[in-house]
Every structure is written in C-alpha cells, then in structure tokens.
Amino acid sequence: MTNTDTTHAPVHGYEELDRLMGLMTGDEKHGPAATSTLDALWVLYDRVLRVSPRTAHSPGRDRFLLSKGHGPMAYYAVLAAHGFFGEELLAGFGTYDSPLGHHPDRLLVPGVEIGSGSLGHGLPLAVGSALGLRAQGLREPGVWVLTGDGELDEGSNHEAIAYAGPAGLDRLHTVVIDNASASYARPGGIAARFEAAGWSALTVDGRDHEALYAAFTAPHPGRPHAVIARVAPRR
C-alpha cells in the first residue's frame, strides 16, 4: 500500500491561515460559515488525515468530504497551506475562470473528493464511500465528513446516521460544526442523536486543537464516530 501518512511538513503554518483567507475577496464569501470550520480542518489535515498532495490518488488514502461546501474559504486555505495547490490561486476565488468556486468542485480543485454545497449530501456520500471501501476489502482508509449543525435538519442525514450505526461502519467519522445555526433542537443535544443510532460521539470546543485531536483519534471499535465541535465566532 502507498504510504499515506501525515508526516509531510505543511507549506504554510497555522499562523498564516488568516493571511491566506484574506487573499480571497469578493461577494458571497460566506465568511462565518468558513471560519467556523478553520480549526477543525487544520487539525484534521495537519495531524489526522493520511493524505497528502503526493498520495491524493492512492487507494489507501483517507477520504475527506466537505459537506459544508457553501463556505469553502477555510478549506481552500488549508489545502493551499498543505501544498495541494499554490496560494496564487486564492486571489481568484469565485471569479469566472478560477478553479476555486463558491462551492468546491472535485474535478477542478486538487485534493477535493466531492463537489458539495447542497446541504445534506455529504454524510450520505460518506456512508456510501465507507461501504464501497469495505466492499473492496480496503479496511485501512478512513472516511471523514464535515457537516454543519443546520445540515442535520435534512432528512437525508438522519437516514445516513440511522444506517451507519447498525452497519458498523467503524471507518466512518463525522465532524459536526455546531455554531447554533440549526432550526430545530434535538433532545439531549447533537451527540445524543448519534449515540441513539449506535455511534460513538464526543463534544468538544471547536477552537481547542488538542481537544479536537483527542476527540478525532479516540478509539471507537465497531462503531462510526462523531465529533461535535462547538464553535463561537472568531474575534
């Protein structure tokens, strides 16, 4: 199997993410939607995901699916920071001839696994990806999907959650960015919804890198895993 570790050094450090995001200008940036994901994305790509520009097409790579695709600025900044493409592309964000659209396109942006932005699609696609990898006998690759709390109002996500637990999709991981944007409350909170369907679930501060890392790497044998990252606006 091709080596898919995360030991490659990023081209840019975390401290440069604000500068990289500042290169992306124009209307319809969905800034708050993007910045709410920044820390979770950084920890995933810097310390957890077994994928790099060199292994982006390896069958043994981890798959990351951005379901919260209508605010991709932080995603693009993190990908650029890790060398998936040059930072010079960031300044063209959202323009006619730029590959970096307001929704990411897997055919145009290196490192992107799915075209996303229509809310509620990412988690069902992640379930299908985990099932596909299992059917091929590929047990090492992890599948990660990042959603927003508001997305969980979509029925497609409830179906995916209800299926994945009993199916024992233990290579499936969901990161829910909880910035209190959901329209409907869930009895017991978001983690309880996943736990009721047989998932492992943890809730952490979505700006605390060590807490995020510990939650992302917590063991969950035989069960899919959800991390609910509570996020207040960045100052």
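Worth knowing before you read on, the calculation uses all heavy atoms, side chains too, and leaves out hydrogens, waters and symmetry mates. Predicted model only: the values in this text are computed from it and were never measured.
The two atoms that bring Pro124 and Ser156 nearest to each other are CG-O, 3.6 Å, heavy atoms only. Heavy atoms only, all atoms of each residue included: Trp42 and Gly13 are closest at CH2-C, 3.7 Å. The minimum heavy-atom distance between Glu87 and Leu23, with the atom names listed, is OE2-CD1, 3.7 Å. The heavy-atom pair separating Ala191 from Thr203 by the smallest distance is CB-OG1, 3.6 Å. Of all heavy-atom pairs spanning Ala74 and Thr37, the tightest one is CB-OG1, 3.5 Å. Counting all heavy atoms, side chain and backbone alike, Ala201 lies closest to Ile228 at CB-CD1, 4.5 Å.
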Requested in this report: For Ser116 and Lys68, run side-chain contact (heavy atoms from CB on, under 4.5 Å): C-alpha distance rounded to whole Å, both residues' side-chain angles, the deciding distance at 0.1 Å, then the answer.
Outcome: CA-CA 7 Å; Ser116 60; Lys68 193 177 168 71; over 6 Å; no
Query - Test log, rule side-chain contact (heavy atoms from CB on, under 4.5 Å), inputs Val231 and Arg207 - result: CA-CA 7 Å; Val231 174; Arg207 300 293 187 201; 3.2 Å; yes
Report task. Kindly indicate, with the supporting measurements, whether the criterion side-chain contact (heavy atoms from CB on, under 4.5 Å) is fulfilled by Asp149 and Asn179. Result -> CA-CA 7 Å; Asp149 60 324; Asn179 56 3; 3.0 Å; yes
**Report entry** Steps toward side-chain contact (heavy atoms from CB on, under 4.5 Å) verdict (Tyr76, Leu89)
**Finding:** CA-CA 9 Å; Tyr76 292 154; Leu89 290 181; over 6 Å; no
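In this structure Asp170 satisfies the side-chain hydrogen bond (donor to acceptor under 3.5 Å, both in side chains) test together with Arg139, sequence neighbours excluded. Remark: Glu88 engages no residue in a salt bridge (charged side-chain N to carboxylate O under 4.0 Å, His left out) (not counting sequence neighbours). With sequence neighbours left out, Arg223 forms a side-chain hydrogen bond (donor to acceptor under 3.5 Å, both in side chains) with no residue at all. Under the side chain to side chain contact (heavy atoms under 4.5 Å, CB included) criterion, Ala56 pairs with Phe84, not counting sequence neighbours. Contacts of Ala215 classified as side chain to side chain contact (heavy atoms under 4.5 Å, CB included), with partners at least two apart in sequence or in another chain: Leu202, Val204, Val227. Evaluation of the side-chain hydrogen bond (donor to acceptor under 3.5 Å, both in side chains) rule for His209 yields Asp39 as partners, not counting sequence neighbours. Applying the ring pair (Phe, Tyr, Trp, His ring centres under 6.0 Å) test to Phe64 and every residue at least two apart in sequence or in another chain returns Tyr45, Tyr75. Under the rule for a salt bridge (charged side-chain N to carboxylate O under 4.0 Å, His left out), Arg106 has no partner lying at least two apart in sequence or in another chain. Residues meeting the salt bridge (charged side-chain N to carboxylate O under 4.0 Å, His left out) test with Glu195, sequence neighbours left out: none. Under the side chain to side chain contact (heavy atoms under 4.5 Å, CB included) criterion, Ala77 pairs with Leu17, Leu20, Met21, Met24, not counting sequence neighbours.
Between the CG atom in Leu100 and the CG atom in Leu79 there is a gap of 9.0 Å [rounded to 0.5 Å]. Note that CG of Leu44 and CG of Leu146 are 7.5 Å apart. Values are rounded to the nearest 0.5 Å. Between Phe93 atom CZ and His102 atom NE2 the span is 4.5 Å, to the nearest 0.5 Å. In this structure, CG on Leu172 lies 13.0 Å from CZ on Arg63, to the nearest 0.5 angstrom. The CG atom of Leu133 lies 9.5 Å from the CZ atom of Arg171; values are rounded to the nearest 0.5 Å. With rounding to the nearest 0.5 angstrom, the CG atom of Asn157 is 8.5 Å from the OG1 atom of Thr174.
Arg61 contributes a side-chain N or O that, together with a main-chain N or O of Ser58, makes up a donor-acceptor pair within less than 3.5 Å. Arg50 places a side-chain N or O within donor-acceptor distance of the main-chain N or O of Glu140, the cut-off being under 3.5 Å. Remark: side-chain polar atoms of Thr55 are not paired, donor with acceptor, to backbone N or O of Val51 under 3.5 angstrom. In terms of modelled atom types and a separation under 3.5 Å, the side chain of Asp62 and the main chain of Gly142 share a donor-acceptor contact. At least one donor-acceptor pair closer than 3.5 Å links the side chain of Ser67 to the backbone N or O of Gly122. Of the possible donor and acceptor atoms, none in the side chain of Asp105 sits under 3.5 Å from a partner among the backbone N and O of Pro99. Between the side chain of Thr95 and the backbone N or O of Gly92, at least one donor-acceptor pair lies under 3.5 Å. Under a 3.5 Å cut-off, the side chain of Thr217 and the backbone N or O of Tyr213 do form a donor-acceptor pair.
Taking a 6.0 Å sphere around CZ of Arg134, one finds it holds more than 12 heavy atoms contributed by other residues, nucleotides or ligands.
Asp46 has its side chain within reach of His82: a pair of non-hydrogen atoms, C-beta onward, lies under 4.5 Å apart. A heavy-atom distance below 4.5 Å is found between the side chains of Leu38 and Val78. You'll find the side chain of Leu169 reaches within 4.5 Å of the side chain of Val127, heavy atoms only.
Residue pairs that meet the ring pair (Phe, Tyr, Trp, His ring centres under 6.0 Å) test with at least one member in residues 108-149, sequence neighbours left out, are Trp144-His173, Trp144-Phe216.
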Could you pull out all donor-acceptor pairs under 3.5 Å where a side-chain atom in residues 158-167 meets a protein atom, sequence neighbours excluded?
{"unit_1": "His158", "atom_1": "ND1", "unit_2": "Arg193", "atom_2": "NE", "d": "3.0"}
{"unit_1": "His158", "atom_1": "ND1", "unit_2": "Arg193", "atom_2": "NH2", "d": "3.4"}
{"unit_1": "His158", "atom_1": "NE2", "unit_2": "Leu152", "atom_2": "O", "d": "2.7"}

